[in-house]
A.B. asks: 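Before I ask anything, here is the structure I am working with.
Values in this document were obtained by computation on a predicted structure and should not be read as measured data. Counting starts at 1 for both ligands and their atoms, following the listed order.
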Amino acid sequence: MAIGNSWQNWAGSVTATPQLKSTPQTIDQLSAAIRSSPGPIRIVGTGHSFTPLVKSDGTILSLDNFSGLISHDKETLQARVGTGTKIGALAKLLHGVGQALPNMGDIDKQAFGGGLGTATHGSGIRLGAYHTQLTAMQVVDGRGKVHEFSKETTPDLMNAMGASLGAFGAVTAVTIQNMENYRLHRRRWVEPIANVLDQFEKRMTAYRSSEFYYIPFSGQALFLSSDITRAVSTVRPPEEDDSALVTLKRLRSYLLHFPWLRRKLIGSALARFPVEDYVEDWLRVYTSERNVKFNEMEYHLPFEEGAGTLRKIITLLERNFPNVYFPIEVRVVAADDVWLSPFYKRPTCSIAIHHDSREDPQPYFKAAEAIFRAAGGRPHWGKMHNLTAAELSKIYPRWADAMAVRKEMDPENRFVSPYIAQLLGISL
Ligand SMILES: Cc1cc2nc3c(=O)[nH]c(=O)nc-3n(C[C@H](O)[C@H](O)[C@H](O)COP(=O)(O)OP(=O)(O)OC[C@H]3O[C@@H](n4cnc5c(N)ncnc54)[C@H](O)[C@@H]3O)c2cc1C
């Protein structure tokens with residue numbers, strides 16, 4: 001979000017006052033801006049990251065003008081798109097030409113380039129994050145030079161830059177592998193968390209997409225499944241997530257010192273929660289509106305660590321943090337080959353914890369982070385964490401290779417802010 005000369009992220013937890021905010025119109029203007037604007041240069045999508053990836057007191061560059069569907073191929077189901085395209089707009093454009101994204105995350109407001117930048121993902125044990133769709137990409141490096149990379153001709157460079165944190169260059173256009181349009185049968189129901197945890201592996205692999213939310217102090221999970229279907233579309237029921245959060249917050253505030261009553265009231269409200277069961281086109285199923293602001297930490301764990309780690313996080317929350325009312329979100333993601341992907345070479349269970357944006361998340365997040373790290377977790381690049389290069393280089397097997405490519409792409413460290421320097425271990 002840009003206000004006058006200042007900038008802040010979606011949650012309001014990161015602010016910046018850059019010397020320059022620039023939105024180049026053409027690739028030549030972009031190259032010139034990278035060469036001559038005050039550094040450090042950070043590229044912004046829509047500022048939905050919770051970490052200070054975009055923060056800069058030099059230049060914040062928006063690729064909003066690199067938007068839209070550039071071309072598409074009916075045979076291969078590939079499409080070339082500008083990375084400034086918002087994911088929701090991209091979904092509509094693709095749907096209009098008979099193509100579909102195989103999966104989507106929780107919201108569709110981000111720029112596609114921003115989603116790629118932090119390995120944004122949805123849920124599904126056989127479904128990869130957005131960057132697994134990449135077959136080619138155009139990147140403007142730190143000297144303003146334009147490169148075209150592809151899976152066929154430069155597979156290593158594609159793996160080095162599939163998830164690149166805006167630290168290798170400006171990704172201006174990408175070719176992505178899509179699939180034919182499809183409809184999804186979505187179901188949502190409430191069940192005891194004990195059931196879900198006891199059959200965790202089976203349940204998280206039983207559907208094309210499985211995910212669930214644990215509602216704190218309730219003992220209950222809200223489970224969501226979706227599978228491809230040929231059935232006709234029905235109507236998606238109105239969303240209730242925001243009003244449910246308001247209720248959970250009220251119960252938290254009134255019953256902070258009466259956990260048994262809080263549990264009873266949430267339990268009886270959930271017992272009346274309607275089962276959701278509908279069929280819709282893919283682009284109307286995956287995402288939701290998120291109007292209640294929060295901060296978030298998400299760790300990506302080896303799949304087999306999911307259930308045990310979640311048990312520990314629930315115990316931590318319910319014993320020590322009665323002020324937390326946001327549900328815990330649990331998803332699964334397929335393994336991939338991208339060097340800085342948190343899903344690199346391992347099927348993953350992702351656990352996300354949230355906290356009211358007007359309250360200090362750190363005591364809860366730091367305590368949870370110790371549990372996530374002990375289970376071999378890798379943090380979501382765009383969500384709050386406290387790791388720097390010393391720890392990250394140990395949990396990413398191709399770290400040194402990725403950093404060597406980064407140095408070649410940006411020898412003068414044009415894209416290196418103090419945060420990026422600390423994160424990636426670059427001395428300025
Ligand atoms: C309400 C909400 C819901 C969310 N849901 C999910 C979810 O379901 N799954 C998930 O994985 N994450 C989720 N996130 C996190 C979010 O998807 C990521 O933080 C994502 O990177 C944000 O995209 P953005 O366009 O806002 O990028 P920004 O936050 O603006 O930028 C992210 C990074 O990408 C870089 N970047 C952006 N564009 C380019 C480009 N064209 N070339 C090179 N680098 C670029 C930036 O420099 C930065 O390093 C959610 C966040 C919020 C606030």
A.B. asks: Which residue is it: Tyr213, Phe50, Phe294? I am looking for the one with a ring-ring contact (aromatic ring centres under 6.0 Å, His included) to His354.
C.D. replies: Phe294
A.B. asks: Under 4.0 angstrom from ligand 1, any heavy atom of Phe50?
C.D. replies: yes
A.B. asks: Could you check whether atom CZ of Arg236 has more than 12 heavy atoms from other residues, nucleotides or ligands sitting under 6.0 Å from it?
C.D. replies: yes
A.B. asks: What residue and atom, counting heavy atoms only, is the protein's closest point to atom 33 (C) of ligand 1, and at what distance?
C.D. replies: Thr118 CG2, 3.8 Å
A.B. asks: Name the closest protein heavy atom to atom 9 (N) of ligand 1, giving the residue it belongs to and the distance to 0.1 Å.
C.D. replies: His121 O, 2.9 Å
A.B. asks: With a heavy-atom distance limit of 4.0 Å, tell me whether Glu296 approaches ligand 1 through its side chain, its backbone, both, or neither.
C.D. replies: neither
A.B. asks: Are Lys383 and Glu298 close enough for a salt bridge, meaning some N to O gap below 4.0 Å?
C.D. replies: yes
A.B. asks: Please determine if Arg290 and Glu329 form a salt bridge, counting it only when a charged side-chain N lies under 4.0 Å from a carboxylate O.
C.D. replies: no
A.B. asks: Between ligand 1 and Met104, can you find any atom pair, the residue atom being a heavy atom, that is separated by under 4.0 Å?
C.D. replies: no
A.B. asks: Salt-bridge test for Lys86 and Asp64: reply yes if a basic N is under 4.0 Å from a carboxylate O, no otherwise.
C.D. replies: yes
A.B. asks: Does any N or O of ligand 1 fall below 3.5 Å from an N or O anywhere on Thr46, backbone included?
C.D. replies: yes
A.B. asks: Using heavy-atom distances, let me know which of Ser164, Gly169, Gly113 sits nearest atom 43 (C) of ligand 1.
C.D. replies: Gly169
A.B. asks: Show me which atoms of ligand 1 lie under 4.0 Å from any heavy atom of Gln110.
C.D. replies: 16 (C), 17 (O), 22 (C), 23 (O), 24 (P), 25 (O)
A.B. asks: I need the atoms of ligand 1 closer than 4.0 Å to a non-hydrogen atom of Trp10, numbered in the order shown.
C.D. replies: 1 (C), 53 (C)
A.B. asks: Which of the numbered atoms in ligand 1 are below 4.0 angstrom from a heavy atom of Arg42?
C.D. replies: 47 (O), 49 (O)
A.B. asks: What orientation do Tyr130 and Phe112 show, parallel under 30°, tilted 30 to 60°, or perpendicular over 60°?
C.D. replies: perpendicular
A.B. asks: Quick check on contacts: which atoms of ligand 1 are under 4.0 angstrom from a heavy atom of Gly117?
C.D. replies: 34 (O)
A.B. asks: Using the rule given for side-chain contact (heavy atoms from CB on, under 4.5 Å), can you reason through Tyr286 versus Leu184, listing the C-alpha separation, both sets of side-chain angles and the distance that settles it, and then say yes or no?
C.D. replies: CA-CA 9 Å; Tyr286 294 113; Leu184 286 171; 3.5 Å; yes
A.B. asks: Among all protein non-hydrogen atoms, which one is nearest to atom 37 (C) of ligand 1, and what is the separation to 0.1 Å?
C.D. replies: Gly114 CA, 3.5 Å
A.B. asks: Have a look at ligand 1 and work out which part of Phe294, if any, has a heavy atom under 4.0 Å from it: side chain, backbone, both or neither.
C.D. replies: side chain
A.B. asks: Heavy-atom contact under 4.0 Å between Phe168 and ligand 1?
C.D. replies: no
A.B. asks: Is the closest heavy-atom distance from Arg331 to ligand 1 below 4.0 Å?
C.D. replies: yes
A.B. asks: Only heavy atoms of Gly105, strictly under 4.0 Å: list the atoms of ligand 1 that pass.
C.D. replies: 8 (O)
A.B. asks: Among all protein heavy atoms, pick out the one at the shortest distance from atom 49 (O) of ligand 1; state its residue, atom name and that distance to 0.1 Å.
C.D. replies: Leu165 O, 2.9 Å
A.B. asks: Under 30°, 30 to 60°, or over 60°: which ring-plane class applies to Phe200 and Phe212, parallel, tilted or perpendicular?
C.D. replies: perpendicular
A.B. asks: Give the atoms of ligand 1, by number and element, whose distance to some non-hydrogen atom of Val54 is under 4.0 Å.
C.D. replies: 30 (O), 31 (O)
A.B. asks: For Trp399 and Tyr396, take the angle between the two ring planes, folded into 0 to 90°, and tell me which bin it lands in: parallel under 30, tilted 30 to 60, perpendicular over 60.
C.D. replies: tilted
A.B. asks: Less than 6.0 angstrom from the centroid, inside 45 degrees of the normal: does Arg203 satisfy that with respect to the ring of Phe223?
C.D. replies: yes
A.B. asks: For Glu408, is there an ion pair with Arg143 - N to carboxylate O distance below 4.0 angstrom?
C.D. replies: no
A.B. asks: At less than 4.0 angstrom from any non-hydrogen atom of Val44, what atoms of ligand 1 do you find?
C.D. replies: 30 (O)
A.B. asks: Quick one: look up the protein heavy atom nearest atom 42 (N) of ligand 1 and list residue, atom name and how far away it is.
C.D. replies: Val171 N, 2.9 Å
A.B. asks: May I ask you to list the atoms of ligand 1 that are less than 4.0 angstrom from any heavy atom of Leu63?
C.D. replies: 41 (N)
A.B. asks: Side chains of Trp189 and Asp277: closer than 4.5 Å at any heavy-atom pair?
C.D. replies: no
